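It should be emphasised that the depicted structure is a prediction, and the values quoted were computed from it without experimental measurement. Below, chain A is the first sequence line, B the second, and so on; all start at residue 1.
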Amino acid sequence: MERTCENGTLRKEDAGKTVTLVGWTARRRDLGALVFIDLRDRSGIVQVTFDETMADKVKDVRNEYVLQVKGTVCVRKEANPKMATGEIEIHAQEVTIINASDPLPIDLSDNSTSSEDTRLKYRYLDLRRPSLQANLFLRHRVCMIARNTLDKEGFVEVETPILARSTPEGARDYLVPSRIYNGKFWALPQSPQIYKQLLMIGGMEKYFQIARCFRDEDLRADRQPEFTQIDIEMSFGDEETIFATVENLMQEIFKGVKNYKLEDHFLRITWNECMRRFGSDKPDLRFGNEIQDLTPLFQNTEFQVFRNVIDNNGIVGAVKFEHAAGKYSRKALDKLQDFVKQGFKAKALAYLKMTGEELSGSIAKPLSEEEKKAVITKLDLKDDDLVLVIADQPRIVETALGALRVKLAHELDLIPHESCYKFLWVTEFPMFEWSEEEHRWVAAHHPFTAPKDEDVDKLLTDPEHCSSRAYDLVCNGYELLSGSIRIHDQALQEKVFEAIGLTPEKARDRFGFFLDAFKFGTPPHGGVGIGLERLTMILAGTDNIRDVVAFPTTNSSLDLMSEAPNTVDDAQLDVLGVAVKDKK
RNA sequence: GGUUCUUUGGAGUAGUGGCUUAUCUCGUCUCCCUGUCACGGAGAAGAUCACGAGUUCGAAUCUCGUAAGAACCGCCA
C-alpha cells in the first residue's frame, strides 16, 4: 500500500509536495461543499481538505474510517497553533475508503474519560488514544536504552525458562499442569532468581534479561499479575559495583527519554533509619514532613494515654504540616483517624493546631504547659501549623504516620508537579520477618540473600536483629528495584535455610540442585530486578500501571477483553489428569 | 480474607422519597452550510436508572443481598 510519509511529521517546509497518507478519521467537519478531515496515524494528526469536487467522495466517511489520501501539502491561510501540523493542510486529489468503522463504544478524545471497565473491554480501541500510544513508545525507549547501555558494559542477555519449578518461598505461583507427567506441575517464574544465579555459577559473569515475571497475588494500582523486570546479575562485584551499574543505567534512561540529568550518586540510607524517619521502606523524598519522635518530651508525663504507651515500650510520634491547621476541620481529622485505625491498627490519632502562639487540639488539654512548650520548640511550630500525633507501638506509629505523611502531602499539594525525581538507595534490609500465619521466620527478601558479615553468627540465635545485604532503589515513593548480594557459600546457604525452618531434608528436596551447584566454585555475585512498569510509570507521570501495559487486567486479574481466565474443554483437562472441584 | 467508594440511553454525567413523561454534553440519524479545527444551524431517535428482594400510599433516590469496576489493608521471597 502506497504511503509516502507519516501524518504528524509534515511541516511548512513540505509545502508543495505531493504526498500519500493513510490513517484513521479522527474528526470530520462537514461544511457542505467543503469537508475537513483530521487524519490520524501513530505519529499524529494532519488536516485534509476536500473541496467541492472531492466532498462527495467522503460524504459517507465517519469517525475511525480508515482512509488513504493522495494530495498536496499547502500552507494554511490561518494556522492552528494548537496542532503540531497546524501550519499546513493536505488538499486531497484522490481518496480511498480502505475500511469503515462502527461508532466507537468509547470516547477517544483526551478531555473525556470513559470508565475503566469499558476502556478495558475495548482495549484495542483505547490503544488508539495518543496518550496511551506515547506510553508504549516510552516503554520501548526505556527497553532499548537499557539493552544498549548494558550491552556496552559487557552484560549479555540470556533468556531463562518460563516453565520452571515451583519455589514455595515467597509469592503464590501460577501453576501449569504437565501433560506428560500427570500430577506434576510447572510454575511460572516469580522472577528468574535461581536461573540467574546459576548463570553466574555457569560463568556468564554479567547477565541481564528483560524478563516477564508472574505472581498470583492480589493487585494494586502499581501491581499486575504479570510484569516485566530488567533483571541484572553480576559476579565478582559488591554493592558498590552494582549501585554504579544501576546509577549509570538510570542516568542513561532519564537522559535518553526525558533529557533529564540525574545526580551522579544517589542518596543512601539504611532500612532502620528509613522506617524511623519516613515510616516506609519506599519514601517519597519530593517533600519533607519527616516523622519526629516526641517520646523524650513525655518521659515524666501525667497524661495517662502517653504514660501507658511509653511504659509499654511504645513511642509518641508526630508529623508537622505547615499552614495546614485551618484546612483540616474536626470532621476531616476524624476521617484521618478512621484511615489510620482501619488501615494501620493505630488506636487513635491525636492532633495539635498552632493558632498564633497558642496550641490547641485534641490533646492540648491533658498536656502540661511545659510539655506544650517543649513540643512547640522541638517542632518549631508557627501559626497555622498542624501536627498529627500517634502514640502506640513503634512500628504502628511509624507506618501510620508514614501513610499520613504521603496522604496529606497529596491533599495539601506539597508534591512538585514538574519533572522531579528523588532517588534513594535503602540498604541493610532485615534478613527475616516473623510470619504470624506460619509461626516461623521467613526471608524478608529471598532466602538466597547474604546476611551482613557481622550478623552471620546471629542467624540462628537472634534472627530478628540480623541485617542483610539486600537493597532497594526508591524513586518518588515507588520501589523501583530490589536486589541483594547473594550467598555463594554452601554452608552459609544451609544455615539460612535452617533459620527459616527448612530442615536439611526439605531444603534438599526443594533446592537440592541449587545447593549442589554451590559446591563447584561459585563466584561471589549479586544483582537487581528493576520494575520496568514502575520505571515507565514514573517517566510517563502516571500512577496507574495499566497506563504502561498494553493489555492489563482488572483488580481481580481478569482480562475484560478476552475474558481470560476461562473454562476449558473436559478433553483438555483429561489429557492433563486434572479435575475441577467446584465449577463456578 | 477485610475496609471504603462507584454502577443512570452508545460514551460521560445531573438527579438524596412525590416537582421526572429522568437533566445536560458528546456520539448516532435526517436536512442545511466553501474555511472549519471540540465547526455551526434546524429537527429526530435512543434508558424496564447493574441485578434480586424488602421498607413505603409512592423508590433511580432508603435498607439488605448478589454481580462487576476502582482505591486501600492483609498479601506481594
Visitor: Is the closest basic N to carboxylate O distance between A:Arg42 and A:Glu6 below 4.0 Å?
Guide: yes
Visitor: What is the distance from CD of A:Glu438 to C1' of B:C75, rounded to the nearest Å?
Guide: 12 Å
Visitor: Does the structure show a Watson-Crick or G-U wobble partner for B:U30, both distances under 3.5 Å? Name it, or say none.
Guide: B:A42
Visitor: I'd like the C1' distance from B:U13 over to B:U23, given in whole Å.
Guide: 9 Å
Visitor: When the side chains of residues 472-488 of chain A are checked against the rest of the protein, which donor-acceptor pairs come out under 3.5 Å, sequence neighbours left out?
Guide:
from     : atom 1 : to       : atom 2 : distance (Å)
A:Asp472 : OD1    : A:Ser482 : OG     : 2.6
A:Asn476 : OD1    : A:Lys422 : N      : 2.9
A:Asn476 : ND2    : A:Cys420 : O      : 2.8
A:Glu479 : OE2    : A:Ser482 : OG     : 3.0
A:Ser484 : OG     : A:Thr449 : OG1    : 3.4
A:Ser484 : OG     : A:Arg486 : NH1    : 2.6
A:Arg486 : NE     : A:Glu233 : OE1    : 3.4
A:Arg486 : NE     : A:Glu233 : OE2    : 2.8
A:Arg486 : NE     : A:Ser484 : O      : 3.4
A:Arg486 : NH1    : A:His446 : NE2    : 3.2
A:Arg486 : NH1    : A:Ser484 : O      : 3.4
A:Arg486 : NH2    : A:Glu233 : OE1    : 2.7
A:Arg486 : NH2    : A:Gly527 : O      : 3.4

Visitor: Within the distance-only criterion (no hydrogens, no angle test), does the side chain of A:Asp392 pair as donor or acceptor with the backbone N or O of A:Lys347 below 3.5 angstrom?
Guide: yes
Visitor: Among residues 217-234 of chain A, which residues get a heavy atom nearer than 4.0 Å to RNA chain B?
Guide: A:Glu217, A:Asp218, A:Arg220, A:Ala221, A:Arg223
Visitor: B:G52 and B:A44: how far apart are their C1' atoms, nearest whole angstrom?
Guide: 36 Å
Visitor: Within less than 4.0 Å of OP1 or OP2 of B:C72, is there a side-chain N or O belonging to A:Lys407?
Guide: no
Visitor: Could you check which nucleotide pairs with B:U63 in any of the strands shown, counting Watson-Crick or G-U wobble with both distances under 3.5 Å?
Guide: B:A53
Visitor: Going by an N to O cut-off under 4.0 Å, is there a salt bridge joining A:Arg129 and A:Asp126?
Guide: yes
Visitor: Got a donor-acceptor contact below 3.5 angstrom from the A:Asn135 side chain to the A:Asp547 backbone?
Guide: yes
Visitor: Is the shortest side-chain N/O distance from A:Arg29 to OP1 or OP2 of B:U36 below 4.0 Å?
Guide: no
Visitor: Which nucleotide, if any, forms a Watson-Crick or G-U wobble pair with B:G74, using both distances under 3.5 Å?
Guide: none
Visitor: Check whether any side-chain nitrogen or oxygen of A:Arg172 sits under 4.0 Å from OP1 or OP2 of B:G1, and answer yes or no.
Guide: no
Visitor: If you measure from the Lys or Arg side-chain nitrogens to the Asp or Glu carboxylate oxygens, is any gap between A:Asp38 and A:Arg27 under 4.0 Å?
Guide: no
Visitor: Can you find an N or O donor on one side and an acceptor on the other, under 3.5 Å apart, linking the side chain of A:Arg76 with the base of B:C37?
Guide: yes
Visitor: For a quick check, tell me whether the side chain of A:Glu78 and the base of B:U36 share a donor-acceptor pair closer than 3.5 Å.
Guide: no
Visitor: Taking B:G12 as the reference, what is the distance to B:A53 when you measure between their C1' atoms (whole Å, please)?
Guide: 31 Å
Visitor: Check this for me: does the side-chain of A:Glu437 come within 3.5 Å of the base of B:G1 through a donor and an acceptor?
Guide: no
Visitor: With a 3.5 Å limit on both atom pairs, tell me what B:C19 is paired to, counting Watson-Crick and G-U wobble, or say none.
Guide: none
Visitor: When we call it a touch if two heavy atoms are under 4.0 Å apart, what does A:Arg119 touch: a base, just sugar-phosphate, or nothing?
Guide: nothing
Visitor: Classify the side-chain pair A:Asn272/A:Thr270 by whether it contains a donor and acceptor separated by less than 3.5 Å.
Guide: no
Visitor: Figure out the CG/C1' separation between A:Leu558 and B:A70, and round it to whole Å.
Guide: 14 Å
Visitor: Applying a 4.0 Å non-hydrogen cut-off, can you work out what A:Thr167 is touching in the nucleic acid: base, sugar-phosphate, or nothing?
Guide: nothing
Visitor: Considering only the C1' atoms, how many Å lie between B:C75 and B:A14, rounded to the nearest integer?
Guide: 40 Å
Visitor: In whole angstroms, how far is the P atom of B:G35 from the CD1 atom of A:Ile37?
Guide: 17 Å
Visitor: Classify A:Lys345 by what it touches in the nucleic acid, base, sugar-phosphate, or nothing, heavy-atom distance under 4.0 Å.
Guide: nothing
Visitor: Give me the distance, rounded to whole Å, that separates B:U56 from B:A38 when you measure between the C1' atoms they each carry.
Guide: 46 Å
Visitor: Base, sugar-phosphate, or nothing for A:Pro447, non-hydrogen atoms under 4.0 angstrom?
Guide: base
Visitor: How far, in whole Å, is B:A11 from B:U48 if one measures between their P atoms?
Guide: 12 Å
Visitor: Hey, would you say the A:Phe551 and A:Tyr124 ring centroids sit under 6.0 Å apart?
Guide: no
Visitor: Answer with base, sugar-phosphate or nothing: what part of the nucleic acid does A:Ser115 contact at a heavy-atom distance below 4.0 Å?
Guide: sugar-phosphate
Visitor: Determine the interatomic distance between P on B:U8 and the same-named atom on B:A50; round to the nearest Å.
Guide: 6 Å
Visitor: For the P atoms, the ones on B:G10 and on B:C49, what distance do you get once it is rounded to whole angstrom?
Guide: 12 Å
Visitor: Of A:Ser556 and A:Phe339, whose nearest nucleotide on RNA chain B comes first from the 5' end?
Guide: A:Ser556
Visitor: Can you give one letter per nucleotide of nucleotides 27-33 of chain B, 5' to 3': B if a protein heavy atom sits under 4.0 Å from the base, S if only from the sugar-phosphate, - if neither?
Guide: --S---B
Visitor: Could you tell me whether A:Ala403 contacts a base, only the sugar-phosphate backbone, or nothing, with contacts defined as non-hydrogen atoms closer than 4.0 Å?
Guide: nothing
Visitor: Does A:His446 or A:Thr553 map to a spot on RNA chain B nearer the 5' end, using the closest nucleotide for each?
Guide: A:Thr553
Visitor: Look at all strands and tell whether A:Ser482 reaches a base, only sugar-phosphate, or nothing, counting heavy atoms closer than 4.0 Å.
Guide: nothing
Visitor: Using a cut-off of strictly less than 4.0 Å, decide whether A:Asn555 has a side-chain nitrogen or oxygen near OP1 or OP2 of B:A71.
Guide: yes
Visitor: Looking for any heavy atom pair under 4.0 Å, which part of the strands does A:Asp117 touch: base, sugar-phosphate only, or nothing?
Guide: sugar-phosphate
